[in-house]
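Owing to the predicted nature of the structure, the values given are computational and were not obtained by experimental measurement. Note on naming: letters A, B, ... go to the chains in the order of the sequence lines (proteins, then strands), and numbering restarts at 1 for each one.
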There are 2 protein chains.
Amino acid sequence: MKVTDSRRVLTGSSWRLRVETLTSADGRQMERGAIEHPGAVVLAPLLSNGEVLMIRQHRHPIDQTILELPAGTRGWNEDWQACAQRELREETGHRAQELTRLGEFWPAPGLSSELLVLYLAQALCPDPLPQDEDETIEVVRLPLVDLLAMARDGRIHDAKTIVGIWRAAVHLGLA
Amino acid sequence: MKVTDSRRVLTGSSWRLRVETLTSADGRQMERGAIEHPGAVVLAPLLSNGEVLMIRQHRHPIDQTILELPAGTRGWNEDWQACAQRELREETGHRAQELTRLGEFWPAPGLSSELLVLYLAQALCPDPLPQDEDETIEVVRLPLVDLLAMARDGRIHDAKTIVGIWRAAVHLGLA
């Protein structure tokens with residue numbers, strides 16, 4: 001199969017959709033789509049008492065309100081650490097004096113170029129920014145050890161949150 | 001914000017793109033897109049010697065060849081277990097005599113309605129189906145204990161594979 005056509009069919013505020021036409025040696029054609037994505041940060045904001053600042057928010061594509069680590073899409077040219085601080089302030093109202101990068105992963109590499117970069121955020125202090133106007137976010141404080149049990153046994157259903165909680169717990173010697 | 005328009009802008013072989021217009025109380029409008037997705041299966045095919053049938057394949061959206069658990073998109077009306085056996089046969093050339101459902105999770109709930117359903121596949125026997133013509137897949141056998149270490153320390157970068165390996169290891173008493 002060869003790519004014989006490639007076109008951007010939609011440009012949104014944070015991502016773009018590209019559709020390519022593939023043509024086989026005997027002339028059959030098929031289309032495939034892919035999201036061009038600037039990447040996003042995932043944050044594990046840990047308080048000194050062992051609680052994590054989690055969020056509950058309504059996710060429109062699945063029409064459910066779910067428990068997640070704070071996260072957010074990077075601007076196309078935004079610095080990763082600056083993005084991490086901005087999303088932390090918007091979603092939890094805190095800034096981190098310590099940010100530790102704990103790796104990166106792809107949430108949906110068959111569909112989107114999105115890369116998620118995970119940060120452990122510590123030494124938190126209040127420093128809010130306004131939330132995005134299309135977001136309604138509730139902050140929930142839960143012990144990391146409880147979240148680890150929930151990620152482990154299937155009570156957390158968001159992939160980035162399962163990975164983020166596990167990696168944070170491993171980094172801190174809890175898993 | 002209210003949804004004041006909703007339209008399907010693209011229908012692909014396995015998913016559809018919907019774009020909605022939101023209008024605020026003071027008349028400002030914004031658009032948001034979401035993928036309508038039929039869901040997919042993720043498989044942890046475990047041989048009796050403790051090795052897992054993994055795959056390496058080129059992922060077009062990220063333009064990289066990566067190590068993953070076998071997985072595949074469900075037909076819109078396909079039974080989940082039938083989908084699991086079909087994808088297992090297409091991608092690894094094996095059928096499972098035992099399929100154990102190990103939960104489900106969303107890979108990208110801000111972008112897509114896709115739900116991933118995870119199965120541990122055991123008692124494997126050869127029973128291949130032809131691969132999808134747009135896929136070139138290499139099967140790799142790796143010990144589950146090694147994969148667990150790789151998922152744990154960040155050497156595996158595919159979210160569904162990190163979650164699937166961890167959950168399989170937990171189910172088998174290895175984590």
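- When the side chains of ILVMFWY residues are joined at heavy-atom separations under 4.5 Å, either directly or via intervening members, A:I165 and B:L148 end up in a single hydrophobic cluster.
- Under the 4.5 Å side-chain heavy-atom criterion for Ile, Leu, Val, Met, Phe, Trp and Tyr, B:V41 and A:I62 are members of the same hydrophobic cluster.
- With a 6.0 Å radius and a threshold of 12 heavy atoms from other residues, nucleotides or ligands, A:D26 has its CG atom above the threshold.
- With a 4.5 angstrom heavy-atom cutoff, A:R152 touches chain B via backbone and side-chain atoms both.
- Only the side chain of A:Q64 has a heavy atom closer than 4.5 Å to any heavy atom of chain B.
- No side-chain heavy atom of A:I35 sits under 4.5 Å from any side-chain heavy atom of B:P61.
- At a threshold of 4.5 Å between non-hydrogen side-chain atoms, the residues B:I162 and A:F105 count as touching.
- A heavy-atom distance below 4.5 Å is not found between the side chains of B:H157 and A:L115.
- A continuous path of hydrophobic side-chain contacts links B:V52 to B:L102 [ILVMFWY only; heavy atoms under 4.5 Å].
- Pairs of residues two or more places apart, or lying in two chains, that qualify as salt bridge (Lys or Arg N to Asp or Glu O under 4.0 Å) and include a residue from residues 106-128 of chain A are A:R89-A:D127, A:R95-A:D127.
- Interface with chain B: from residues 168-175 of chain A, residues A:V170, A:A175 qualify, criterion being any non-hydrogen pair under 4.5 Å.
- Residues B:I66 and A:W106 meet the side-chain proximity criterion, which asks for heavy atoms closer than 4.5 Å.
- When hydrophobic clusters are built by joining Ile, Leu, Val, Met, Phe, Trp and Tyr residues whose side-chain heavy atoms come closer than 4.5 Å, directly or via intermediates, B:L144 is grouped together with B:I156.
- Looking only at heavy-atom pairs under 4.5 Å with chain B, the residue among A:A40, A:A108, A:G103, A:S112 that has the most is A:S112.
- Across B:A34, B:G33, B:P109, the residue that shares the most heavy-atom pairs under 4.5 angstrom with chain A is B:P109.
- Residues in residues 34-48 of chain A take part in these side chain to side chain donor-acceptor pair (under 3.5 Å) pairs, two or more places apart or across chains: A:R8-A:E36, A:R18-A:E36.
- Highest contact tally toward chain A, considering only B:L116, B:D153, B:L111, is held by B:L111 [criterion: heavy-atom pairs under 4.5 Å].
- For a residue to count as touching a neighbouring chain, one of its non-hydrogen atoms must lie under 4.5 Å from one of that chain's; by this rule A:A151 touches chain B with backbone and side chain alike.
- Under the 4.5 Å side-chain contact rule for hydrophobic residues, A:L46 and A:V140 share a cluster.
- Side-chain atoms of A:V163 and B:W166, non-hydrogen and from C-beta on, never get closer than 4.5 Å to each other.
- For residues 49-65 of chain A, the salt bridge (Lys or Arg N to Asp or Glu O under 4.0 Å) pairs, not counting sequence neighbours, are A:R59-A:E68.
- Proximity to chain B (any heavy atom under 4.5 Å) is shown, for A:L118, by neither the backbone nor the side chain.
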